[in-house]
Amino acid sequence: MTAVVTKTNVLDTLSERGFVNQVSDMEGLRRATEKPITLYCGFDPTSDSLHIGHLVQVMALAHFQRHGHRPIALVGEGTTMIGDPTGRATGRTIMTKKEIAANAAKIKEQLSHYLDFSDGKAIMLDNAAWLTKLNYIDFLRDIGRHFSVNQMLAMETYKTRLETGLSFLEFNYLLLQSYDFLHMYREDGCILQIGGGDQWSNCLGGMDLIRKADGGTAFVLTTPLITDAVGQKMGKSTGNALSLNPAYMSPYDYYQFWINVEDALVGQFLGFFTFLPMDEVWRLTNREGAELRQAKETLAFEATTLTHGEEAAREAQAASRALFSGEGALETAPTTVIPATDFAAGLIVADLFTRAGLATSRGDARRLAAQGGASLSGERVDDMDRTVTAADIPANGLLLRAGKKRYRRVVVG
RNA sequence: GGGCAGGUACCAGAGCGGCCAAAUGGGACUGGCUGUAAACCAGUUGGGAAACCUACGGGGGUUCGAAUCCCUCCCUGCCCA
């Protein structure tokens with residue numbers, strides 16, 4: 001992804017593509033972005049993979065970069081040690097530093113695919129670098145005095161948490177995130193923070209701090225939260241999890257995630273998760289009914305290319321086309337290799353489904369079969385307890401299907 | 001530090017000695033209808049082939065039998081200091 005400077009203001013591009021939820025000062029930011037600026041977005045390594053919500057932010061940063069601005073991808077090892085209480089009914093489990101560091105390493109790796117970090121065109125920072133060095137007394141005197149507990153308690157996040165419990169640890173999260181912004185304002189000239197819609201007040205905290213502490217001017221821009229068509233938050237909790245980590249989600253499954261998107265969201269997603277020009281997006285989504293599938297295929301292909309590369313996207317596309325249009329699917333299906341020695345120890349059909357990741361346990365596999373949702377080479381499976389030997393698996397593999405959409409090939413290795 | 005109320009499956013939330021692998025709702029999954037869409041209808045939702053095993057915050061105890069009773073520890077809310 002090379003930086004392409006265009007004449008249009010990045011804010012126009014972002015609004016056109018649906019990225020803008022709230023801006024602290026639209027006119028001021030517009031003036032500021034007429035020259036290259038430095039901006040940041042924070043990603044807390046609470047898990048070892050970014051998901052769809054983060055991806056919106058990442059794409060927004062990428063648009064800034066394409067317009068000649070300099071994004072900072074901030075990985076929040078320091079803030080994760082505290083835990084963001086936003087949107088949470090209860091405190092987070094305190095993560096070990098080791099766990100956080102391991103996650104951070106993976107997140108940094110994933111971020112590096114979307115932005116061009118060469119020649120300082122984008123910067124990757126980790127707030128552990130400065131947060132862990134803070135001195136408590138100094139911090140309270142220099143930073144803490146700018147925060148009003150009264151105002152903080154009025155914030156929605158804390159109001160709800162006053163009912164269910166809020167520890168002092170978490171109460172400090174806002175101060176640390178705000179300090180991050182101030183720190184990068186001072187060190188890197190960073191004047192804009194972007195974040196998800198739920199981060200609005202956290203981001204404003206930093207903006208206010210910059211004004212109070214240094215008399216500086218900074219801006220905040222938030223992006224809409226990704227919801228499904230019914231307005232339900234899309235994320236791990238709803239099972240719609242999208243992982244950018246290929247260890248958790250293969251390019252094929254990633255591709256499938258996008259192609260299975262509901263009609264109502266295709267246009268929005270093309271705007272967010274691809275770089276296709278918007279007139280192209282409108283052309284694609286202007287179709288009716290089944291023809292919208294072409295828009296979904298484009299979305300899936302483009303999004304998979306961005307995350308896993310064009311070659312992986314082509315393979316995923318070929319596999320999907322083959323599997324969902326009938327014959328000749330076997331070779332391209334996502335594959336699970338089971339060592340021959342495992343067959344010698346004795347495997348039943350249910351084990352095959354479990355090993356291929358199509359069922360979570362033998363019991364789950366049996367339920368699947370009982371509901372008529374399992375098949376082998378297109379034949380419906382009723383007996384999940386039949387023993388399978390390596391000889392039952394053709395040299396080019398055996399095609400397993402669970403439900404209508406999940407396919408997997410099993411080969412003996 | 002004291003008093004009171006609580007901690008139940010992915011979430012919310014019933015159950016308060018056996019009929020409890022645990023109501024109900026949401027979510028998710030499967031089937032039907034479709035366009036690999038939505039909506040709708042139906043079913044499923046701890047593990048195990050089974051016997052049975054593990055589970056109702058952790059540990060211990062009472063009982064033929066405990067999510068349910070007792071002790072203790074941890075955690076949360078409310079009130080008092």
Side-chain angles (χ1 to χ4, degrees), chain A residues 47 85 87-94 158-171 227-242 252-270 284-301 303-304 316-326 329 332-334 346-354 357-375 380-388 400-408:
Chain A
S47 89
R88 296 188 61 94
T90 53
R92 292 175 184 272
T93 316
I94 295 190
Y158 299 117
K159 255 194 290 184
T160 23
R161 286 298 296 279
L162 285 180
E163 285 154 31
T164 54
L166 172 71
S167 70
F168 187 66
L169 176 81
E170 292 176 282
F171 194 55
T227 57
D228 61 24
V230 212
Q232 195 117 54
K233 192 177 164 192
M234 238 166 139
K236 282 179 200 153
S237 46
T238 64
N240 291 325
L242 178 77
Y252 170 82
D253 289 323
Y254 192 84
Y255 183 94
Q256 282 293 313
F257 173 91
W258 295 106
I259 210 161
N260 279 310
V261 151
E262 340 169 23
D263 286 9
L265 297 176
V266 195
Q268 190 192 8
F269 279 17
L270 281 166
L284 280 168
T285 51
N286 217 356
R287 313 276 181 80
E288 291 282 309
E291 287 191 41
L292 254 184
R293 274 203 30 243
Q294 200 181 335
K296 293 184 187 180
E297 203 171 58
T298 305
L299 169 65
F301 182 77
T304 308
Q317 184 174 57
S320 296
R321 282 180 177 162
L323 287 166
F324 287 94
S325 61
T332 48
L347 285 181
I348 59 174
V349 181
D351 291 325
L352 247 37
F353 277 84
T354 312
L358 296 176
T360 55
S361 66
R362 284 181 171 188
D364 190 38
R366 287 197 188 88
R367 268 192 294 278
L368 188 70
Q371 295 178 127
S375 76
R380 182 177 148 156
V381 178
D382 291 307
D383 182 12
M384 271 286 174
D385 295 307
R386 204 180 73 226
T387 304
V388 184
L400 278 61
R401 182 175 62 82
K404 275 178 283 201
K405 304 178 187 171
R406 292 149 60 218
Y407 290 93
R408 205 102 326 176

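Order of the sequence lines sets the chain letters (A, B, ...), proteins ahead of strands, with each chain counted from 1.
Taking for each of A:Gly373 and A:Arg362 the nucleotide of RNA chain B with the nearest heavy atom, the 5'-most of the two is the partner of A:Gly373.
Base-pair partner of B:rG6: B:rC75 (Watson-Crick or G-U wobble, both distances under 3.5 Å). Figure legend. B:rC19 is base-paired to no nucleotide; pairs are counted as Watson-Crick or G-U wobble with both atom distances under 3.5 Å. The partner of B:rA81 is absent, by the rule that a Watson-Crick or G-U pair needs both atom distances under 3.5 Å. Pairing of B:rC56, defined by two Watson-Crick or G-U wobble distances under 3.5 Å, is not identified with any nucleotide. Across all strands shown, B:rA42 forms a Watson-Crick or G-U wobble pair with B:rU30, both key distances being under 3.5 Å.
For B:rU68 and B:rU63, the P atoms lie 16 Å apart once the distance is rounded to whole Å. Separating the P atom of B:rC19 from that of B:rG13 is a span of 25 Å, rounded to the nearest Å. B:rC11 and B:rG58 are spaced 14 Å apart, taking the P atom of each and rounding to whole Å. Atom name P, nucleotides B:rC70 and B:rC78: the rounded distance is 25 Å, in whole Å. A distance of about 14 Å separates the C1' atoms of B:rG7 and B:rA12, rounded to the whole Å. Between B:rA39 and B:rG32, the distance separating the two C1' atoms is 14 Å to the nearest Å. Comparing B:rA9 with B:rC79, their P atoms sit 27 Å apart, to the nearest whole Å. Distance check on atom C1': B:rG15 versus B:rA67 gives 8 Å, rounded to whole Å.
Of the candidate nucleotides B:rG47, B:rG31, B:rU30, B:rG47 has the atom lying nearest to any side-chain atom of A:Asp364.
Not counting sequence neighbours, A:Arg386 has no partner by the salt bridge (charged side-chain N to carboxylate O under 4.0 Å, His left out) test. With sequence neighbours excluded, no residue satisfies ring pair (Phe, Tyr, Trp, His ring centres under 6.0 Å) with A:Tyr255. Remark: A:Arg406 engages no residue in a salt bridge (charged side-chain N to carboxylate O under 4.0 Å, His left out) (not counting sequence neighbours). Annotation: ring pair (Phe, Tyr, Trp, His ring centres under 6.0 Å) contacts of A:Phe171 (sequence neighbours excluded): A:Tyr158. With sequence neighbours left out, the salt bridge (charged side-chain N to carboxylate O under 4.0 Å, His left out) criterion links A:Arg408 to A:Asp253. Every residue two or more places apart in sequence or in another chain that forms a side-chain contact (heavy atoms from CB on, under 4.5 Å) with A:Ser361 is listed here: A:Asp364. Residues that satisfy the side-chain contact (heavy atoms from CB on, under 4.5 Å) test with A:Asp382, not counting sequence neighbours, are A:Arg380. Scored by the side-chain contact (heavy atoms from CB on, under 4.5 Å) test, A:Lys405 finds A:Asn260, A:Phe324 as partners (sequence neighbours excluded).
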With a cut-off of 3.5 Å and sequence neighbours excluded, list every side-chain donor-acceptor pair involving residues 288-295 of chain A.
| unit_1 | atom_1 | unit_2 | atom_2 | d |
| --- | --- | --- | --- | --- |
| A:Gln294 | OE1 | A:Arg287 | NH1 | 3.3 |

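A:Arg406 comes within contact range of the sugar-phosphate backbone alone, with a heavy-atom separation under 4.0 Å but no base atom that close.
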(message) Walk along nucleotides 32-37 of chain B from 5' to 3' and tag each nucleotide B, S or - by protein heavy-atom contact under 4.0 Å, base first, then sugar-phosphate.
(response) -BBBBB

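No hydrogens or angles were tested; on distance alone, nothing pairs the side chain of A:Gln371 with the base of B:rG31 as donor and acceptor under 3.5 Å.
To the nearest angstrom, P of B:rA49 lies 8 Å from CG of A:Asp351. In this structure, the CG atom of A:Asp382 is 14 Å from the C1' atom of B:rU30, given to the nearest Å. Computed from coordinates, the A:Arg366 CZ to B:rG31 C1' distance equals 20 Å when rounded to whole Å.
A:Ile259 has its side chain out of reach of A:Tyr254: every pair of non-hydrogen atoms, C-beta onward, lies at least 4.5 Å apart.
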Give me, pair by pair, the N or O atoms of the protein and of nucleotides 20-22 of chain B that are less than 3.5 Å apart, along with how far apart they are.
none

Find every protein N or O atom lying less than 3.5 Å from an N or O atom of nucleotides 74-81 of chain B, and list the pairs.
| unit_1 | atom_1 | unit_2 | atom_2 | d |
| --- | --- | --- | --- | --- |
| B:rU76 | O3' | A:Thr164 | O | 3.3 |
| B:rU76 | O2' | A:Thr164 | O | 3.4 |
| B:rG77 | OP1 | A:Gly165 | N | 3.3 |
| B:rC78 | OP1 | A:Leu162 | O | 3.2 |

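Contact record, A:Ala402 with A:Leu358: CB-CB, 3.9 Å, taken as the closest heavy-atom pair. Minimum interatomic distance between A:Met384 and A:Ala374 (heavy atoms only, all atoms of both residues): CE-CB, 3.6 Å.
A side chain to side chain contact (heavy atoms under 4.5 Å, CB included) with A:Leu270 is found for one member of A:Leu265, A:Thr285, A:Val261 and no other, namely A:Thr285.
Distances shown here put every side-chain N or O of A:Arg367 at or beyond 4.0 Å from the OP1 or OP2 atom of B:rU30.
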